[in-house]
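What follows is a set of notes on a single structure, which appears directly below.
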Amino acid sequence: MEENRLKEFDHIVKMGKEGQKALNDYWLEFSIYTSFEYWFMVMLFIVPLLVLFFKIDKRKLFFIGFYGYSIHMLFGYIDLYNKNAGLLNYPFPMIPMIPGISLDSSFVPVTFMLVYQWTLNHKKNYYVYTVLTSAVLAFVFKPLLIGLGLFKLYGGTNYFFLFACYLIVIILAKVITDVFLWTERKFSNHDHSH
């Protein structure tokens with residue numbers, strides 16, 4: 001029984017490896033890296049990072065950076081789950097092994113970091129503006145990517161599903177950031193009281 005289970009698991013791992021090799025071969029065979037779409041995805045990776053470099057509030061660098069990292073991690077996990085479940089994918093990956101890197105690691109986190117920073121600096125409600133941003137990303141930006149052939153949905157996946165994924169990410173990222181801030185305040189006040 002145990003041996004069969006391990007054999008089956010090894011077979012699944014081998015299929016995953018073959019699937020990744022097929023993606024790598026597709027990327028090379030169709031010279032994805034020479035296409036307009038590929039370079040557009042590269043721009044979606046580089047440009048937001050450049051904008052962030054100049055726009056991030058240097059006084060809140062670690063705070064906004066931590067929040068952005070939380071968005072990146074959570075969005076990366078959700079995206080990975082959705083790709084592995086066959087719900088969506090990116091036909092022009094910047095790096096075939098990490099298909100959503102342009103959006104997961106740069107465009108989406110930076111967008112939310114700048115919105116969050118703006119809500120803090122202008123004393124606006126975080127949830128109102130991040131939910132609006134999520135709606136624009138899910139119902140305007142993603143359909144645009146689909147129209148350009150840079151993003152594909154499979155099965156019954158729709159824009160409301162994508163919107164729900166963004167909502168999960170913005171709520172969890174805010175909770176994680178708030179817990180760390182609360183803990184930092186608690187311990188720094190505790191240190192001063194001694």
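We count residues from 1, following the sequence as given.
Going from atom CG of Leu162 over to atom CG of Leu87 covers 9.5 Å, rounded to the nearest 0.5 Å. A distance of 5.0 Å separates CG in Leu181 from CZ in Arg185, rounded to the nearest 0.5 Å. Annotation: the span from Tyr116 atom OH to Ser70 atom OG amounts to 10.0 Å, rounded to 0.5 Å. Of the inter-residue distances, the one linking Asp79 atom CG with Leu103 atom CG reads 7.5 Å to the nearest 0.5 angstrom. Ile168 contributes atom CD1, which lies 11.0 Å from atom OG of Ser134 (distance to the nearest 0.5 angstrom). Atom CG of Leu88 sits about 11.5 Å away from atom CG of Leu145, to the nearest 0.5 Å.
In this structure, the side chains of Val136 and Thr111 stay at 4.5 Å or more apart for every pair of heavy atoms. Between Tyr166 and Val108, some side-chain heavy-atom pair lies under the 4.5 Å cut-off.
Placement of Phe63 and Leu52 within a single hydrophobic cluster is found when ILVMFWY residues are connected by side-chain heavy-atom separations under 4.5 Å, directly or transitively. Residues Leu137 and Leu167 fall within the same hydrophobic cluster, defined by Ile, Leu, Val, Met, Phe, Trp and Tyr side chains chained together at heavy-atom separations under 4.5 Å. Residues Leu172 and Trp182 fall into different hydrophobic clusters, defined by Ile, Leu, Val, Met, Phe, Trp and Tyr side chains chained together at heavy-atom separations under 4.5 Å. Cluster membership for Phe40 and Leu144, using ILVMFWY side-chain heavy atoms within less than 4.5 angstrom, is shared. Note on Val169 and Tyr77: separate hydrophobic clusters, where clusters join Ile, Leu, Val, Met, Phe, Trp and Tyr whose side-chain heavy atoms are under 4.5 Å apart, directly or indirectly.
Judged by the 6.0 Å distance and 45° axis criteria, Lys58 is positioned over the aromatic ring of Phe53. Judged by the 6.0 Å distance and 45° axis criteria, Lys142 is positioned over the aromatic ring of Phe151.
Proximity of a side-chain donor or acceptor of Thr119 to a complementary backbone N or O of Tyr126 within less than 3.5 Å is not detected. Judged by distance alone, the side chain of His72 and the main-chain N or O of Ser106 form no donor-acceptor pair under 3.5 Å. A donor-acceptor pair is defined here as one N or O able to donate and one able to accept, closer than 3.5 Å; no such pair exists between the side chain of Thr157 and the backbone of Leu153. Looking only at distances, a side-chain donor or acceptor of Gln117 sits under 3.5 Å from a matching main-chain atom of Asp57.
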Worked verdict on Val110 versus Lys55 for side chain to side chain contact (heavy atoms under 4.5 Å, CB included): CA-CA 10 Å; Val110 168; Lys55 292 287 182 192; over 6 Å; no
Starting from the C-alpha separation in whole Å, work towards a yes-or-no answer on salt bridge (charged side-chain N to carboxylate O under 4.0 Å, His left out) for Arg5 and Glu2. CA-CA 5 Å; Arg5 194 189 75 205; Glu2 178 83 10; 3.2 Å; yes
What's the verdict on side chain to side chain contact (heavy atoms under 4.5 Å, CB included) for Val128 and Val131, showing C-alpha distance, side-chain angles and the deciding distance? CA-CA 5 Å; Val128 169; Val131 167; over 6 Å; no
Where do Asn89 and Asn82 land on the side chain to side chain contact (heavy atoms under 4.5 Å, CB included) test, with the steps shown first? CA-CA 8 Å; Asn89 219 315; Asn82 289 337; over 6 Å; no
Please assess Phe112 against Phe75 for the test side chain to side chain contact (heavy atoms under 4.5 Å, CB included), listing each intermediate value before the final yes or no. CA-CA 11 Å; Phe112 282 113; Phe75 191 64; over 6 Å; no
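Closest heavy-atom contact between Pro91 and Lys152: CG-CG, 3.8 Å. Considering all non-hydrogen atoms of both residues, Phe45 and Ser105 come closest at CE1-CB, 4.0 Å. Heavy atoms only, all atoms of each residue included: Gly86 and Tyr154 are closest at O-CB, 3.1 Å. Scanning both residues, Asp104 and Gly76, for their nearest heavy atoms gives OD2-CA, 3.9 Å. The two atoms that bring Phe92 and Leu150 nearest to each other are CD1-CD2, 3.9 Å, heavy atoms only. Minimum heavy-atom separation, Leu120 to Lys60: CD1-CD, 4.4 Å.
Around CZ of Phe139, the count of heavy atoms belonging to other residues, nucleotides or ligands within 6.0 Å exceeds 12. Atom CZ of Phe163 has more than 12 neighbouring heavy atoms from other residues, nucleotides or ligands inside a 6.0 Å radius. For Tyr127, the OH atom counts as densely surrounded, since its 6.0 Å shell holds more than 12 non-hydrogen atoms of other residues, nucleotides or ligands. At most 12 non-hydrogen atoms from other residues, nucleotides or ligands lie less than 6.0 angstrom from OH of Tyr81. Within a 6.0 Å sphere centred on CH2 of Trp39, heavy atoms belonging to other residues, nucleotides or ligands number 12 at most.
Below 30°, between 30° and 60°, or above 60°: for Phe66 and Phe180 the angle between ring planes is between 30° and 60°, a tilted geometry.
A salt bridge links Asp178 to Lys174: one of the charged nitrogens lies within less than 4.0 Å of a carboxylate oxygen. In summary, Lys21 and Glu18 do not engage in a salt bridge, as defined by a charged side-chain N under 4.0 Å from a carboxylate O.
Checked against the 6.0 Å centroid threshold, Phe141 and Phe107 count as a close aromatic pair.
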